[in-house]
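For reference, the structure is listed below as structure tokens.
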Protein chains: 2
Amino acid sequence: MTDANGVERCEYCHIHQEIVNKVEGTMPEDEILYDLAELFKIFGDSTRIKILYVLFESEMCVCDIAKLLGMTQSAISHQLRSLKQSKLVKYRREGKTVFYSLADGHVRTILDQGMEHIAE
Amino acid sequence: MTDANGVERCEYCHIHQEIVNKVEGTMPEDEILYDLAELFKIFGDSTRIKILYVLFESEMCVCDIAKLLGMTQSAISHQLRSLKQSKLVKYRREGKTVFYSLADGHVRTILDQGMEHIAE
DNA sequence: ATAACATATGAACAATAGCTCATATGTTAT
DNA sequence: ATAACATATGAGCTATTGTTCATATGTTAT
């Protein structure tokens with residue numbers, strides 16, 4: 001068992017052609033799986049998770065989020081940028097202030113399912 | 001607006017005490033939010049996503065997964081370790097071979113919700 | 001015991017990501 | 001136009017992470 005070129009490896013493994021066919025039939029495109037991973041990376045940071053939880057309660061401006069989380073405006077703004085790019089939050093401008101809110105019902109479902117998982 | 005010590009920042013922000021109370025009442029413990037982020041980090045890599053998708057179809061040994069994904073045994077084994085530690089996969093030994101399978105229904109829900117999100 | 005095989009793991013390296021700092025952009029009031 | 005404020009952003013630094021390589025562990029057959 002040496003490399004990934006599949007010539008002389010693992011001759012005794014239990015894989016069958018039917019399973020290979022099944023897997024290759026149902027597996028989404030590589031690019032989609034890559035995008036999916038990119039999305040979950042966004043959830044993979046506790047600062048961003050906290051921002052999302054805060055926004056469950058109310059739309060809020062950058063400065064307020066920073067105060068609530070005890071972090072700098074810059075750090076929060078950078079993270080909101082990621083969340084915005086992933087379409088997890090949306091925003092509206094009101095004068096100098098920008099209000100952020102959740103963009104999507106999936107956010108709650110995903111976080112809830114994650115919570116259920118770690119609660120076990 | 002300078003630091004995170006909240007003395008002379010953003011006096012004109014629209015935050016209200018009622019919202020602060022509401023947020024602080026519903027926000028889970030820091031440690032839980034940290035664990036939640038750790039869980040989503042696991043989903044935040046396309047190799048691990050692929051492994052999970054492969055396991056939707058059938059339990060499978062390390063070598064077979066490596067072959068299906070065109071990657072080395074070592075790389076897959078390292079990633080299975082992460083998935084195991086997060087209790088996303090389980091395994092059973094059968095002689096020399098170790099078969100991995102999904103541990104949990106949440107995995108499917110989380111991936112499906114993520115898919116729905118990026119499909120929009 | 002020895003060889004062959006399947007899997008696991010530690011070290012090292014390259015790539016990625018989050019925070020800070022300084023500064024830019026955009027808005028409002030004077 | 002200028003000042004004050006809220007937010008955005010680029011560069012730099014440090015920490016983290018995925019893969020490779022070499023090797024260790026565990027199982028089976030001889």
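In what follows, chains are A, B, ... by sequence order, proteins preceding strands, each numbered from 1. These numbers come from a predicted model, not from an experiment.
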> To the nearest Å, how far apart are Met71(A) CE and dG18(C) P?
Replying inline: 11 Å
> Within this structure, what is the NZ-to-P distance between Lys67(A) and dC5(D), rounded to whole angstrom?
Replying inline: 13 Å
>> Measure CE/Met60(B) against P/dT7(C) and give the value in whole Å, please.
In response: 12 Å
> Between dA8(D) and Tyr100(A), is there an OP1 or OP2 to side-chain N/O distance shorter than 4.0 Å?
Replying inline: yes
> Expressed in angstrom and rounded to an integer, what is the separation of Lys41(A) atom NZ from dA15(C) atom P?
Replying inline: 15 Å
Donor-acceptor pairs under 3.5 angstrom involving side-chain atoms of residues 113-120 of chain A: please list them, not counting sequence neighbours.
residue, atom, partner, partner atom, Å
Glu116(A), OE1, His106(B), NE2, 2.9
His117(A), ND1, Asp104(B), OD2, 3.1
His117(A), NE2, Ser86(B), O, 2.9

> Tyr34(A): what forms a ring pair (Phe, Tyr, Trp, His ring centres under 6.0 Å) with it, not counting sequence neighbours?
Replying inline: none
>> For dT20(D) and Thr72(B) - does any side-chain N or O of the residue sit under 4.0 Å from the phosphate oxygens OP1/OP2?
In response: yes
>> Could you tell me how far apart Asp64(A) (CG) and dC5(D) (P) are, to the nearest whole angstrom?
In response: 16 Å
> Starting at CD1 of Ile42(B) and ending at C1' of dT17(D), how long is that distance when rounded to a whole Å?
Replying inline: 11 Å
> Tell me, which of residues 43-57 of chain B have any heavy atom that sits under 4.0 Å from an atom in DNA chain D?
Replying inline: Asp45(B), Thr47(B), Arg48(B)
> In chain order, what residues pass the side chain to side chain contact (heavy atoms under 4.5 Å, CB included) check against Thr47(B), with sequence neighbours excluded?
Replying inline: Asp45(B), Ile51(B), Met71(B), Ile76(B), Gln79(B)
> Is DNA chain C part of any stem, that is, at least 3 consecutive Watson-Crick or G-U pairs with both distances under 3.5 Å, and where?
Replying inline: C:1-30 with D:1-30
>> Check for me: is His78(B) stacked on dT9(C) by the 5.5 Å centroid and 30° plane-angle rule?
In response: yes
>> Can you build the contact string for nucleotides 22-29 of chain D? Use B for base contact, S for sugar-phosphate-only contact, and - for no protein heavy atom under 4.0 Å.
In response: B----BS-
> Which pairs, with at least one residue in residues 49-71 of chain A and sequence neighbours excluded, count as a ring pair (Phe, Tyr, Trp, His ring centres under 6.0 Å)?
Replying inline: Tyr53(A)-Phe56(A)
> Can you list the residues that meet the side chain to side chain contact (heavy atoms under 4.5 Å, CB included) rule with Ala103(B), with sequence neighbours excluded?
Replying inline: Lys90(B)
> Among all residues two or more places apart in sequence or in another chain, which pass the side-chain hydrogen bond (donor to acceptor under 3.5 Å, both in side chains) test with Glu38(B)?
Replying inline: Lys41(B)
> Which pairs, with at least one residue in residues 65-88 of chain A and sequence neighbours excluded, count as a ring pair (Phe, Tyr, Trp, His ring centres under 6.0 Å)?
Replying inline: none
> Which residue pairs satisfy the salt bridge (Lys or Arg N to Asp or Glu O under 4.0 Å) criterion with at least one member in residues 46-59 of chain A, sequence neighbours excluded?
Replying inline: Lys50(A)-Asp30(B), Glu59(A)-Arg92(A)
> So which of residues 79-92 of chain A are in contact with DNA chain C, with a heavy-atom cut-off of under 4.0 Å?
Replying inline: Gln79(A)
